[in-house]
There are 2 protein chains.
Amino acid sequence: MAATARTRLQQAAVDLFGERGFDSTTAAEIAARAGVTERTFFRHFADKREVLFDGQAVLLEALLTGIETGARDAPPLDILFHAFRSVCPLLEANRPFSEPRQAVISATPSLQERELAKMAALAEALAQALRTRGIPEDRARLAARIGMAVLADVTLAWLSETGPSLRDRLDRAEQDLKALI
Amino acid sequence: MAATARTRLQQAAVDLFGERGFDSTTAAEIAARAGVTERTFFRHFADKREVLFDGQAVLLEALLTGIETGARDAPPLDILFHAFRSVCPLLEANRPFSEPRQAVISATPSLQERELAKMAALAEALAQALRTRGIPEDRARLAARIGMAVLADVTLAWLSETGPSLRDRLDRAEQDLKALI
DNA sequence: GTCCCCCTTGTCAGTGACTGACATTGGGAT
DNA sequence: ATCCCAATGTCAGTCACTGACAAGGGGGAC
């Protein structure tokens, strides 16, 4: 075993936030439960919120390869939806971790702020990937933002209600999107 | 004269943030320049960032009436773009204040986070307004998020570059959006 | 005019997030 | 055995933010 300090800190944080709430949990308490010092906590995570946002990198990588494997000259939104579908298994696998995490975030305004920021960064990376596939700058950014909005909407609904699978929800959202225009 | 303490605080904050940057300016310094106490600062604004986000209410009101005066059974995005166009004069009038404010925000990650949160709230309010006009829930939320993404994109470009008017940029964005699908 | 009331501000003490500087330690490479 | 470096501990300090209580001052009731 001997989980790394970083991992123990993440686990301790999720547990404590779930028990007492984010605001009523101090960084020192998290560190104590993980068996380290408060100072060590802040060496691993830039701030108290960041301890909950560490999976983004993996998701980003998966999305980028999903974009690369899309049809060569499809419209940008089709490329994005193809990428989204390609990461469904990853997201489904992470659900046991994502669900409690999302519960804490949904209950804490300052964490929602951070999540929005992370998604904006993700959208920016997606736009960059679209650009390298020949989509003009403005259109790439617009498509990326729309795509992220849809993905966020869909995954939030998927995590908070029981019902259709992530993939089915994505298909339906794509229909809705096309009907919008 | 005798501007209210709240107003003096806002002015002092914009000035100091512009001079030294957001992070190198303490709440106490802002209060001092405004001739009040740090405690008074935090009675007027929930936190240090909030002092820069006080115009949202006005914009929201304008957008809501813009939505109400739209064509009765137009598609949701058309309703939104009509509302966006209706607030162009307001935004153009506020430009002298918005421009330095936006410069500070663009230079400060934590302020960008707050701005994203404000926009998300605005999008939620827009979605609600669309719902009361008979648009089904899912579609209303999706349209509102897309609309806000476009509005944000357009106003940011308009504030940071010289070039087309806000209204012209909106028209062009609407074209791009329709071309996307 | 006087009294009363409420709204705004000041004062003070305290908590907790976060940082910089410096000391310690415990393997891993040589 | 020695050197080294990476992670951690220790300590002191700054600053955002809060609760409790006191003080002032203008406006209405009488």
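Just so it is clear, the values below take in all heavy atoms, side chains as well, and ignore hydrogens, waters and symmetry mates.
Closest heavy-atom contact between A:Pro100 and A:Arg95: CD-O, 4.5 Å.
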Taking N or O atoms only and anything under 3.5 Å, show me the protein contacts with nucleotides 19-21 of chain C, one pair per line.
{"from": "C:dG20", "atom 1": "N7", "to": "A:Arg39", "atom 2": "NH2", "distance (Å)": "2.9"}
{"from": "C:dG20", "atom 1": "O6", "to": "A:Arg39", "atom 2": "NE", "distance (Å)": "2.7"}

Using residues 17-24 of chain A as the side-chain source, report each donor-acceptor pair under 3.5 Å to any protein atom, sequence neighbours left out, with the distance given to one decimal.
{"from": "A:Glu19", "atom 1": "OE2", "to": "A:Arg33", "atom 2": "NH1", "distance (Å)": "3.4"}
{"from": "A:Arg20", "atom 1": "NH1", "to": "A:Glu29", "atom 2": "OE1", "distance (Å)": "3.0"}
{"from": "A:Arg20", "atom 1": "NH1", "to": "A:Glu29", "atom 2": "OE2", "distance (Å)": "3.1"}

Listed pairs under 3.5 Å, donor-acceptor, residues 116-124 of chain B side chains, sequence neighbours left out:
{"from": "B:Lys118", "atom 1": "NZ", "to": "B:Glu50", "atom 2": "OE2", "distance (Å)": "2.6"}

Cut-off 3.5 Å, no hydrogens considered: what does the side-chain donor-acceptor table look like for residues 75-94 of chain B, sequence neighbours left out?
{"from": "B:His82", "atom 1": "ND1", "to": "B:Gly66", "atom 2": "O", "distance (Å)": "3.2"}
{"from": "B:Arg85", "atom 1": "NH1", "to": "B:Asp171", "atom 2": "OD1", "distance (Å)": "2.4"}
{"from": "B:Arg85", "atom 1": "NH1", "to": "B:Glu174", "atom 2": "OE1", "distance (Å)": "3.4"}
{"from": "B:Arg85", "atom 1": "NH2", "to": "B:Glu174", "atom 2": "OE1", "distance (Å)": "2.8"}
{"from": "B:Ser86", "atom 1": "OG", "to": "B:Ala83", "atom 2": "O", "distance (Å)": "2.6"}
{"from": "B:Glu92", "atom 1": "OE2", "to": "B:Leu166", "atom 2": "N", "distance (Å)": "3.4"}

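Heavy-atom nearest nucleotides on DNA chain D were determined for B:Phe41 and for A:His44, and the one closer to the 5' end corresponds to A:His44.
Residues in residues 43-76 of chain B take part in these ring-ring contact (aromatic ring centres under 6.0 Å, His included) pairs, two or more places apart or across chains: B:Phe41-B:Phe45.
Looking at residues 47-58 of chain B, you'll see B:Asp47, B:Lys48 sit with a heavy atom under 4.0 Å from some atom of DNA chain D.
If you check every strand for non-hydrogen atoms under 4.0 Å, B:Ser24 touches nothing. Here A:Thr25 lies in heavy-atom contact (under 4.0 Å) with sugar-phosphate atoms only.
Cation-pi contact between B:Arg167 and B:Trp158: absent, since separation from the ring centre below 6.0 Å together with deviation from the ring axis within 45° is not met.
Contact check on A:Arg49 versus A:Glu115 returns no salt bridge, with no Lys/Arg side-chain nitrogen under 4.0 Å from an Asp/Glu carboxylate oxygen.
Distance from the side chain of B:Thr37 is smallest to C:dG10 among C:dG10, D:dA16, C:dA17.
B:Leu151 and B:Leu60 fall within a single hydrophobic cluster, where Ile, Leu, Val, Met, Phe, Trp and Tyr are joined by side-chain heavy atoms under 4.5 Å apart, directly or via other members.
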